[in-house]
Peer 1: 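So that we are looking at the same thing, I have put the structure below in structure tokens.
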Amino acid sequence: MIDLKRLTRGHGGADAMVRAASEWGFFQVTNHEVSRELMEKMRREQARLFRLPFETKEKAGLLNGSYRWGNPTATSLRHLSWSEAFHVPLATIFDDDYHDFGDLTSLRGVMQEVAEAMSRVANTVAEVLAAKLQTTRTGHGAGVAAATGCDETTCFLRLNRYPTCPFPAETFGMVPHTDSDFLTVLCQDEVGGLQLMKDSRWVAVKPRPDALIVNIGDLFQAWSNNRYKSVEHKVVANAKTDRLSVAYFLCPSYGSLIGTCGEPSPYRAFTFGEYRKRVQEDVRRTGKKIGLLNFLRHSPVQ
Ligand SMILES: O=C(O)CCC(=O)C(=O)O
Ligand SMILES: [Fe+2]
């Protein structure tokens with residue numbers, strides 16, 4: 001648990017954050033200035049959005065066609081995520097020319113506020129973690145998000161809903177995965193269900209109403225030369241109740257080159273666009289994301 005206010009005032013906590021990012025890939029932050037009132041407002045808007053009829057949610061115009069449900073490549077219940085989500089590019093909600101919000105105008109306002117607040121958390125954390133890496137290139141240790149081309153037009157806000165599930169033993173709320181971004185900031189409700197992989201075991205992340213969860217994504221693992229870990233996580237399905245969560249994904253533009261905090265890097269240079277394309281191709285072809293292994297300079301698979 002990292003107190004962000006103490007950290008930004010220089011009262012310590014950075015080493016604990018570095019340890020958590022290296023050993024767990026996950027940690028929680030408090031005193032993050034994303035107010036409880038704002039998150040309650042978000043939850044009410046989210047619940048209202050998901051109550052809309054399926055046909056309305058699926059309409060391409062609604063939040064830029066960002067509606068997702070189930071898993072299009074699933075061939076059995078084990079591959080299925082028992083959830084629905086809006087994976088919204090922030091460019092959509094901040095674009096003044098994008099007027100197709102209809103009844104969702106209040107949702108847009110709340111999403112903008114949440115995105116701004118979570119983005120501050122993501123950037124603060126990214127900079128503290130970047131500054132702690134041994135860098136060979138001067139000026140590269142700070143401003144990792146800026147250096148790698150992340151801004152409010154390239155990031156995403158994802159609204160997740162996990163409906164009550166009639167067969168929770170056979171399916172996941174969200175299938176095990178790593179995040180394909182730099183860093184994720186997550187706010188979960190009181191239901192619980194998020195689990196992360198540690199030493200080959202699943203560990204539950206207990207909900208704490210005052211805390212946000214931060215996890216390292218694949219790009220930060222690559223940029224940090226594997227010092228910080230992008231760790232597999234999943235959501236278990238729940239037989240009794242629905243669950244909501246909101247995730248902010250710190251992402252660069254598709255054309256941004258994901259470099260390294262210092263040579264030699266185990267990975268070859270690649271763009272975020274290339275990475276995403278490769279992930280999508282692998283999922284389509286094999287049903288599984290291969291991820292960073294594809295970009296190792298010396299492939300273990302010959
Ligand atoms: O809902 C959660 O707790 C996790 C969501 C997640 O892992 C994701 O959206 O990538
Ligand atoms: Fe995730």
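Note that ligands are numbered from 1 as they come in the structure, with each ligand's atoms numbered from 1 the same way. Just so we're clear, the structure is a prediction, and the values are computed from it rather than from any experiment.
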Peer 1: Heavy-atom distances under 4.0 Å are what count here, so tell me which part of Phe249 touches ligand 1: side chain, backbone, both or neither.
Peer 2: side chain
Peer 1: Check contact between Met174 and ligand 1, using heavy atoms of the residue and a distance below 4.0 angstrom.
Peer 2: yes
Peer 1: Between Tyr67 and Phe86, how do the two ring planes meet: parallel, tilted or perpendicular, split at 30° and 60°?
Peer 2: tilted
Peer 1: Going by the order shown, which atoms of ligand 1 are within less than 4.0 Å of some heavy atom of Arg243?
Peer 2: 1 (O), 2 (C), 3 (O)
Peer 1: Could you tell me, atom by atom, which parts of ligand 1 come under 4.0 Å of a heavy atom of Asn160?
Peer 2: 1 (O), 5 (C), 9 (O)
Peer 1: Using a strict 4.0 Å cut-off to heavy atoms of Val235, name the atoms of ligand 1 that fall inside it.
Peer 2: 1 (O), 2 (C), 3 (O), 4 (C)
Peer 1: Check Lys57 with Glu84, please: is the shortest side-chain N to carboxylate O separation under 4.0 Å?
Peer 2: yes
Peer 1: Compute the angle centred on the Fe ion (ligand 2) spanning OD1 of Asp179 and NE2 of His233, and express it rounded to 10 degrees.
Peer 2: 90°
Peer 1: At a 4.0 Å threshold, what atoms of ligand 1 neighbour a non-hydrogen atom of Arg158?
Peer 2: 9 (O)
Peer 1: Any idea which atoms of ligand 1 are less than 4.0 Å away from a heavy-atom of Tyr162?
Peer 2: 1 (O), 2 (C), 4 (C), 5 (C)
Peer 1: Which ligand 1 atoms are under 4.0 Å away from a heavy-atom of His233?
Peer 2: 7 (O)
Peer 1: I'd like to know if the side chain of Asn160 and the backbone of Ser83 have a donor-acceptor N/O pair within less than 3.5 Å.
Peer 2: no
Peer 1: Report the part of Ile213 (side chain from C-beta onward, or backbone N, CA, C, O) that has a heavy atom under 4.0 Å from ligand 1; answer both or neither where that applies.
Peer 2: neither
Peer 1: Centroid separation under 6.0 Å, is that true for the rings of Tyr267 and Phe295?
Peer 2: no
Peer 1: Output, in order, the C-alpha distance, side-chain angles, deciding distance and verdict of salt bridge (charged side-chain N to carboxylate O under 4.0 Å, His left out) for Asp218 and Lys289.
Peer 2: CA-CA 12 Å; Asp218 300 345; Lys289 164 176 163 181; 2.7 Å; yes
Peer 1: If the plane angle is over 60° it's perpendicular, under 30° parallel, otherwise tilted; pick one for Phe249 and His87.
Peer 2: tilted
Peer 1: Have a look at ligand 1 and work out which part of Thr184, if any, has a heavy atom under 4.0 Å from it: side chain, backbone, both or neither.
Peer 2: neither
Peer 1: With under 30° as parallel and over 60° as perpendicular, where do the rings of Tyr228 and Phe220 fit, or are they tilted in between?
Peer 2: perpendicular
Peer 1: Using a 4.0 Å cut-off to any heavy atom of Ser245, which atoms of ligand 1 qualify?
Peer 2: 1 (O), 2 (C)
Peer 1: From the options Leu250, Leu183, Leu212, select the one residue that forms a side-chain contact (heavy atoms from CB on, under 4.5 Å) with Val121.
Peer 2: Leu212
